[in-house]
Amino acid sequence: MTDTLILDLLDPEEARRPPMPMKDYSDGFRADAVALYESTPGVTYKSIAADLSVNRATLREWVLRDRERRGVTTATRATVQPGAAVPSDVPDERIRQLEARVAELEASERKLATERDILRKAAKYFAGGTNW
């Protein structure tokens with residue numbers, strides 16, 4: 001009973017849902033999930049976890065472990081919104097804006113590549129079960 005009360009205080013929405021069964025995810029799935037999260041600017045753990053049908057805390061743990069493994073102490077995801085750069089007469093500011101735009105485009109490219117790879121793997125998995 002006390003567990004339910006604690007969960008109600010932390011996140012009432014999660015407390016109402018039945019607990020998710022423990023699943024054993026492959027290393028590839030974990031790596032893909034982390035890559036998707038890291039390459040998507042402005043996304044939350046909750047939204048990616050819901051898309052992948054994993055627990056939010058589990059995804060967060062995977063991301064933190066991956067960052068620790070790579071020696072990254074802060075988030076390196078792009079935070080610049082499209083079209084947010086304002087033309088500047090100061091060369092250093094212009095360079096900073098262009099670098100931010102490049103980082104944004106690279107993050108978008110990584111996200112699309114990750115999504116493409118996930119879809120390819122899913123297509124192969126589901127096609128393997130058919131007798132076409």
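Only this structure's heavy atoms are used, side chains among them; waters, hydrogens and symmetry mates stay out.
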Could you tell me whether Glu68 and Arg65 have a side-chain N and a carboxylate O separated by less than 4.0 Å?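 No.
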Indicate yes or no: does Glu38 engage Arg70 in a salt bridge with an N to O separation below 4.0 Å.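 Salt bridge: yes.
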Are Leu52 and Val63 co-members of a hydrophobic cluster defined by side-chain heavy atoms under 4.5 Å apart?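 Yes, Val63 and Leu52 fall within the same hydrophobic cluster.
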Quick check: does any side chain N or O of [X] sit under 3.5 Å from a backbone N or O of [Y], one acting as donor and the other as acceptor?
| X | Y | result |
| --- | --- | --- |
| Ser47 | Val43 | no |
| Ser26 | Phe29 | yes |
| Thr58 | Val54 | no |
| Ser108 | Glu104 | no |

Correct closest heavy-atom pair for Ala35 and Thr114 would be CB-OG1, 4.0 Å
Least distance between heavy atoms, Arg110 atom then Ser39 atom: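 Looks like CB-CB, 3.6 Å.
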Which residues share a salt bridge (Lys or Arg N to Asp or Glu O under 4.0 Å) with Glu115, sequence neighbours left out: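 Glu115 satisfies salt bridge (Lys or Arg N to Asp or Glu O under 4.0 Å) with Lys111 once adjacent residues are dropped.
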Check step by step if ring pair (Phe, Tyr, Trp, His ring centres under 6.0 Å) holds for Trp62 and Tyr25. CA-CA 11 Å; Trp62 294 345; Tyr25 298 100; 5.2 Å; yes
Results of side-chain hydrogen bond (donor to acceptor under 3.5 Å, both in side chains) for Asp32 - residues two or more places apart only: Lys121
